[in-house]
Number of protein chains: 2
Amino acid sequence: MPLPQDDGPMRPTVAKMVHQTLDEMTPTERRIAHILLASYPMVGLETVAAFAERARTSGPSILRFITKVGFKSYAAFQRALREELKERLESPLARYDGVMASDTPLPDDSGRDTLARFGDALAANIRRAFDTLSRDEYEAVIALLTDSKHALHILGGRFSRTTASYLHMYLRELRPIVHLIDGPTSTWPDQRLDVSKHDTLIVYDFRRYQPDVIRFAEQMARQGVTLVLITDIWNSQITAHAHHVLSVPVEVPSAFDSGVAGLAMTEALVAGVVDRLGSRGKRRIERLEKLRTASGEE
Amino acid sequence: MPLPQDDGPMRPTVAKMVHQTLDEMTPTERRIAHILLASYPMVGLETVAAFAERARTSGPSILRFITKVGFKSYAAFQRALREELKERLESPLARYDGVMASDTPLPDDSGRDTLARFGDALAANIRRAFDTLSRDEYEAVIALLTDSKHALHILGGRFSRTTASYLHMYLRELRPIVHLIDGPTSTWPDQRLDVSKHDTLIVYDFRRYQPDVIRFAEQMARQGVTLVLITDIWNSQITAHAHHVLSVPVEVPSAFDSGVAGLAMTEALVAGVVDRLGSRGKRRIERLEKLRTASGEE
DNA sequence: AGCTTTTCGTAATGTACGATACAGGAAGAA
DNA sequence: TTCTTCCTGTATCGTACATTACGAAAAGCT
């Protein structure tokens, strides 16, 4: 069981290593370096042959280049590139200092405490959620949410109900006919009466997918309702019936799954709705404000 | 000179292809999918053997997975991933072209779409929340939460109630006597009867600090209750009476404040409680599981 | 020019890797 | 139970790949 290799404290980026070796290189090696840095680091992840072709040179020249830069093998070189890439994908701030040959060190997690790591995991989850989210899918869901002609129903499981409720409260501010399906399961059949076939149902279904939630969603789907599913990457069975799926990571160093990315996605949806509604939504909110202060509530 | 092969107009992302195939997959394949998506797309760039090991499975299973997703070979799969990655890396740098020659000192986000920026803001909020959190304060709150001798009460505002409810549900799994103060404000005085002076009250109070929440918290504090406040950095008036304050950033590029960091902090608390309780908490959860399956519920 | 040194590609080699065939075994049906 | 089907890992194979050896060509030096 190989532990994730620790390449010692703070190795320099490959780009930097290349820069430092640059003046003791032969002409073709210089060309290779240039090709690598220009498409950094993609070409380095391909095979030696492909790399060579792009640099209009031969395999051995690539290998000599690699060893001169300081790697024991081409495999080691690729491993280093992947490591780098991984960090860069996870921390948007350190995005390009590799190529810039800047000396800002990459964040090094090893010294941080569990709390900080927990935070990092959450941040990474959010990042990943938005990275893997298809923009088309997102836009399509926003379109459904802003369509005030048809009713909107929201359903959540035991824990995800809180997130469902969150979405419900915000959407209620922004548009008419938003309905949260809540209360004990036994009352759900009644609530089904209010759902017509042109409506949309947003379902939150996360690990420990609840049979009652699944059943309800499937029945709705059969009834012709448009189904939007927000789930973890394991994906509930509902995926099969859903018209749109937004999946988010839930894993954190903890006994329980995290709902943070799910909430993040939910807020992104709300933000998207606000955006799309424009002044129309704004006016609605203002009207609501007035009503609230008038009634002296809160 | 081989042209860069064009795989037709706008092929879907690998992630999406995986999602679409997900429901016709076997358990092992699902696990593979999960591993891939969780570290997206880094494991996919490694060798089949490395990928297999990370997914605790065998090489052939990886290959079956790859073909089921829709790739002719592992090489084709990797090529697709690289293409994707390339686009993702290039888009924020479009204006950045002559990287080395450019004199712009720092890369910024202006090239990315609003969704990505939104995600960045959320991730940054979480990081800041944990960076500025005092470890002592955190530990002290955990101590209060794990103290099962005294009752615990949880209170939230209009929106933060969902987070309060989230905390409530998890803590209920982990310890006895946890009580969520909910329902309309008018019923709160009644619920106050259940609160004794050695209890702890967790209050969520965010911008648009609600008078009723503030009033309730203050009364409790006068009654001798230990007060824990979770709030945004602007801090509610309750700060004055609180024994412990955990503040989190709420700002995002959107019309509304974000509750994500608040939820993150909440989950960190739950994780801390689990940690502190150790096997004791574990046993309690197992007992609960049994009860639940026994009663046939969900 | 002729000799030496450096540079670089061709060709050969060994191996690590992806691919495949197959069988043990679990899960489900009859 | 027994039979069937579907999973999934082990063992094997063939090949594409990184790597090495070698020699031709270029560059540098006297």
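Every chain is numbered from 1, with letters handed out A, B, ... down the list of sequences. We use all heavy atoms of the structure for the numbers below, so side chains are in, but hydrogens, waters and symmetry mates are not. Since the structure is predicted, the reported quantities are computational estimates derived from the model, not experimental observations.
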* Asked: With E29(B), which residues qualify under salt bridge (charged side-chain N to carboxylate O under 4.0 Å, His left out), at least two apart?
  -> K68(B)
* To do: Please state how far atom CD1 in I66(A) lies from atom C1' in dC17(D), giving the value in whole angstrom units.
  => 15 Å
* Rounded interatomic separation in angstrom, taking CD from E24(B) and P from dC6(D) -> 14 Å
* What is the distance from atom CG of L263(B) to atom OG of S258(A), rounded to the nearest 0.5 Å? -> 6.5 Å
* For the pair K16(A) and E84(A), find out whether any cationic side-chain nitrogen is under 4.0 Å from an anionic carboxylate oxygen. => no
* Asked: Going from NE2 on H244(A) to CG on L229(A), what distance comes out if it is rounded to the nearest 0.5 angstrom?
  -> 11.5 Å
* Going by the salt bridge (Lys or Arg N to Asp or Glu O under 4.0 Å) test, which pairs reach into residues 30-52 of chain A, not counting sequence neighbours? -> E46(A)-R54(A)
* Presence of T57(B) side-chain N/O under 4.0 Å of dG9(D) phosphate oxygens OP1/OP2 -> yes
* Asked: With H153(A), which residues qualify under ring pair (Phe, Tyr, Trp, His ring centres under 6.0 Å), at least two apart?
  -> H179(A)
Could you list all N or O pairs between the protein and nucleotides 18-20 of chain D that sit under 3.5 Å apart?
| from | atom 1 | to | atom 2 | distance (Å) |
| --- | --- | --- | --- | --- |
| dA18(D) | OP1 | V48(A) | N | 2.8 |
| dA18(D) | OP2 | V48(A) | N | 3.0 |
| dT19(D) | OP1 | Y74(A) | N | 3.3 |
| dT19(D) | OP2 | Y74(A) | N | 3.1 |

* Structure fact -> side-chain hydrogen bond (donor to acceptor under 3.5 Å, both in side chains) filter on R161(A), not counting sequence neighbours, yields none
* Find the distance I62(A):CD1 to dT10(C):C1' and express it as a whole number of Å. => 16 Å
* **S58(B) vs dT8(D): side-chain N/O to OP1/OP2 distance below 4.0 Å** => no
* **Spacing of R64(B) atom CZ relative to dG9(D) atom P, expressed in whole Å** => 7 Å
* To do: Over all heavy atoms of both residues, which pair between R64(B) and T67(B) is shortest? Give the atoms and the distance, please.
  => O-OG1, 2.9 Å
* Length of the CZ-P vector between R79(B) and dG18(C), whole Å -> 14 Å
Nucleotide N/O to protein N/O under 3.5 Å, stretch nucleotides 5-7 of chain C:
none

